[in-house]
Enquirer: 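Got a structure here, written out as structure tokens. Questions coming.
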There are 2 protein chains.
Amino acid sequence: MDVALELFVERGAAATPVTTIEAAAGLSPGSGSFYRHFKDKEALLAAVVEREVTRVGKDPDAQVENTDGAGEQRLATQLRSDLDYLGELRSLIMILLWERNRAPELAEWVRKTSADRGIELGVEALRLAGPSAAVEEDEVAAATVMQSAMIGYFLAAEYFGASPADVDPDRFTAALARLLTNRDA
Amino acid sequence: MDVALELFVERGAAATPVTTIEAAAGLSPGSGSFYRHFKDKEALLAAVVEREVTRVGKDPDAQVENTDGAGEQRLATQLRSDLDYLGELRSLIMILLWERNRAPELAEWVRKTSADRGIELGVEALRLAGPSAAVEEDEVAAATVMQSAMIGYFLAAEYFGASPADVDPDRFTAALARLLTNRDA
DNA sequence: GTCTATAATATGATAGAC
DNA sequence: GTCTATCATATTATAGAC
């Protein structure tokens with residue numbers, strides 16, 4: 001399952017022959033030894049995804065409460081922690097990206113358990129940070145901007161293999177927090 | 001090429017057998033008639049990508065200048081137009097997403113011709129909009145936030161098949177422009 | 001639990017008739 | 001330019017010995 005996870009993350013399950021999994025696991029490729037462990041590749045994929053879901057926990061908001069400080073600094077710390085959490089979800093995110101069309105129900109599950117919940121938590125975080133007028137005018141839209149920026153930054157970094165525009169995670173989250181708590185005189 | 005484009009966008013070229021392309025093009029599946037038109041699937045993919053690149057033009061910034069208005073409204077109009085442009089790039093984006101590992105040089109090309117250039121244009125657009133102190137503190141980081149939010153919103157909408165958090169494109173770009181030009185008293 | 005062997009199917013690709 | 005026919009190879013999957 002460990003080697004399968006890596007292969008599925010990099011190339012997708014569909015593009016990973018069973019023989020390749022066998023070879024990576026130290027089995028004789030083409031021997032069919034794989035089938036003594038899993039019914040077929042689908043079963044392995046399901047097991048791998050389920051293990052990842054369990055590993056990262058069903059509690060993406062565990063870190064929300066124990067952030068200290070207030071205002072912009074508090075939000076920046078929160079966002080930096082969220083970005084690390086996205087990193088923990090990396091394998092899961094990449095696999096779900098590969099499987100996006102084969103399993104529309106998975107996308108729906110992601111939306112309900114992560115995306116929508118993330119917006120709710122985002123609105124809360126913005127309130128705790130002491131929102132600016134620009135945020136208060138449409139809190140949900142502001143939280144959507146925040147979430148979109150985070151996932152967009154994460155995916156761009158993954159895709160390019162480097163920080164977009166050479167803006168590192170600390171600098172990015174600081175800028176995002178600044179924009180969301182902006183109080184120009 | 002039309003049917004291949006659609007198939008490649010939805011499932012990726014690797015997951016699209018030549019027989020499927022033949023069938024979709026009205027040819028007898030498995031007949032090999034495909035090979036009278038293209039050397040192999042790779043050649044078709046290259047032709048499809050090249051045609052898309054030509055179609056969308058090498059000028060993503062054509063609409064930059066002729067935006068009227070100023071400040072927040074000007075930026076909102078610009079961002080709304082940019083989001084439409086991402087829509088025009090949809091096929092290309094989705095194909096490049098499928099091929100992300102098979103062609104790292106393509107990712108590099110995307111970064112240099114689109115991502116990095118987009119940041120430069122973003123900085124310009126922010127200056128024209130009359131930047132807030134939060135933007136001026138780190139213009140490149142602010143532009144990165146702007147770009148990340150746009151691509152994150154676009155990809156999330158594609159992935160889920162609906163606007164994230166039910167925030168439609170007008171509302172999203174308005175909120176983003178508001179945050180980037182925020183001038184609370 | 002792994003191996004050799006093998007079969008069934010899917011896929012990529014070519015030859016030659018029309 | 002399309003078809004039938006055909007191959008070679010890749011892939012999935014199973015059977016049975018060890």
Side-chain angles (χ1 to χ4, degrees), chain A residues 1-52 54-55 91-92 94-106, chain B residues 1-55 91-92 94-107:
Chain A
M1 287 176 68
D2 291 339
V3 297
L5 174 68
E6 193 152 337
L7 289 165
F8 291 172
V9 166
E10 295 307 320
R11 331 162 52 177
T16 306
V18 171
T19 55
T20 300
I21 300 168
E22 286 174 327
L27 297 173
S28 178
S31 66
S33 288
F34 167 87
Y35 295 98
R36 298 281 177 173
H37 301 270
F38 297 94
K39 182 184 175 296
D40 53 23
K41 203 165 63 177
E42 271 317 297
L44 170 62
L45 174 60
V48 164
V49 167
E50 193 182 351
R51 193 183 65 164
E52 278 303 291
T54 302
R55 185 180 67 73
S91 297
L92 206 46
M94 292 301 128
I95 290 179
L96 293 177
L97 216 47
W98 285 120
E99 306 302 321
R100 62 185 181 262
N101 285 328
R102 269 207 309 181
E105 71 281 2
L106 263 186
Chain B
M1 287 176 69
D2 291 339
V3 298
L5 175 67
E6 192 152 339
L7 288 165
F8 291 172
V9 166
E10 295 307 323
R11 329 162 52 178
T16 306
V18 171
T19 55
T20 300
I21 300 168
E22 287 174 328
L27 298 173
S28 177
S31 66
S33 288
F34 168 87
Y35 295 96
R36 298 281 176 172
H37 302 269
F38 297 93
K39 180 181 175 298
D40 53 23
K41 204 164 62 176
E42 269 321 293
L44 171 60
L45 174 60
V48 164
V49 167
E50 193 182 351
R51 193 182 65 164
E52 278 302 291
V53 169
T54 302
R55 187 182 64 75
S91 297
L92 205 47
M94 292 301 127
I95 290 179
L96 293 177
L97 215 47
W98 284 121
E99 307 301 321
R100 62 185 181 262
N101 285 328
R102 270 207 309 179
E105 71 282 2
L106 263 186

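In what follows, chains are A, B, ... by sequence order, proteins preceding strands, each numbered from 1.
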Enquirer: Quick check: do Asp40(A) and Val18(A) have side-chain heavy atoms less than 4.5 Å from each other?
Expert: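 They are not in side-chain contact.
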Enquirer: Does any pair with a residue in residues 5-37 of chain B pass ring pair (Phe, Tyr, Trp, His ring centres under 6.0 Å), and if so which ones, sequence neighbours excluded?
Expert: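 Pairs touching residues 5-37 of chain B that pass the test: Phe34(B)-Phe38(B).
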Enquirer: Side chains of Arg100(A) and Leu97(A), heavy atoms from C-beta outward: is any pair under 4.5 Å?
Expert: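 A side-chain contact under 4.5 Å exists here.
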Enquirer: Can you list the residues that meet the side chain to side chain contact (heavy atoms under 4.5 Å, CB included) rule with Ala14(B), with sequence neighbours excluded?
Expert: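 Side chain to side chain contact (heavy atoms under 4.5 Å, CB included) list for Ala14(B), sorted by chain: empty.
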Enquirer: Would you call Ile95(B) and Glu52(B) a side-chain contact if the rule is heavy atoms closer than 4.5 Å?
Expert: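 Result no, sub-4.5 Å side-chain heavy-atom pair not found.
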Enquirer: Would you mind reading off the distance between Phe34(A) atom CZ and dT11(D) atom P, rounded to a whole angstrom?
Expert: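 About 15 Å, once rounded to whole Å.
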Enquirer: Does the side chain of Glu6(A) reach to within under 4.5 Å of the side chain of Thr16(A), using non-hydrogen atoms?
Expert: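 No. Closest side-chain heavy atoms not under 4.5 Å.
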Enquirer: Tabulate atom names and distances for all N/O pairs under 3.5 angstrom spanning the protein and nucleotides 16-18 of chain C.
Expert:
{"from": "dG16(C)", "atom 1": "O6", "to": "Arg36(B)", "atom 2": "NH2", "distance (Å)": "2.6"}

Enquirer: Mind checking whether Ile21(A) and Leu27(A) have side chains closer than 4.5 Å, heavy atoms only?
Expert: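 No. Closest side-chain heavy atoms not under 4.5 Å.
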Enquirer: Does Ser33(A) put a side-chain nitrogen or oxygen below 4.0 Å from OP1 or OP2 of dG1(C)?
Expert: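 No, Ser33(A) has no side-chain N/O under 4.0 Å of OP1/OP2 on dG1(C).
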Enquirer: For DNA chain C, what residues of residues 37-48 of chain A have any heavy atom nearer than 4.0 Å?
Expert: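 Nucleic-acid contacts, sorted: His37(A).
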Enquirer: Evaluate whether atom CD of Glu105(A) has more than 12 neighbouring non-hydrogen atoms of other residues, nucleotides or ligands under 6.0 angstrom away.
Expert: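 Buried by this count: over 12 neighbours within 6.0 Å.
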Enquirer: Which residues in residues 19-29 of chain A have at least one heavy atom lying under 4.0 Å from any atom of DNA chain C?
Expert: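 Residues of residues 19-29 of chain A that come under 4.0 Å of DNA chain C are, in numerical order, Leu27(A), Ser28(A).
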Enquirer: Below 4.0 angstrom from OP1 or OP2 of dA13(C), is there any side-chain N or O of Tyr35(B)?
Expert: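 Yes, because at least one side-chain N or O of Tyr35(B) sits under 4.0 Å from OP1 or OP2 of dA13(C).
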Enquirer: Is the phosphate of dC3(D), meaning OP1 or OP2, less than 4.0 Å from a side-chain N or O of Ser31(B)?
Expert: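 True: Ser31(B) side-chain N/O within range (under 4.0 Å) of dC3(D) OP1/OP2.
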Enquirer: Tell me, please, which residues at least two apart from Glu22(A) pass salt bridge (charged side-chain N to carboxylate O under 4.0 Å, His left out).
Expert: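 So Glu22(A) forms no salt bridge (charged side-chain N to carboxylate O under 4.0 Å, His left out) with any residue.
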Enquirer: Strictly distance-based, threshold 3.5 Å: is any side-chain N or O of Arg36(B) a donor or acceptor partner for the main-chain N or O of Ser33(B)?
Expert: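 No; zero donor-acceptor contacts below 3.5 Å.
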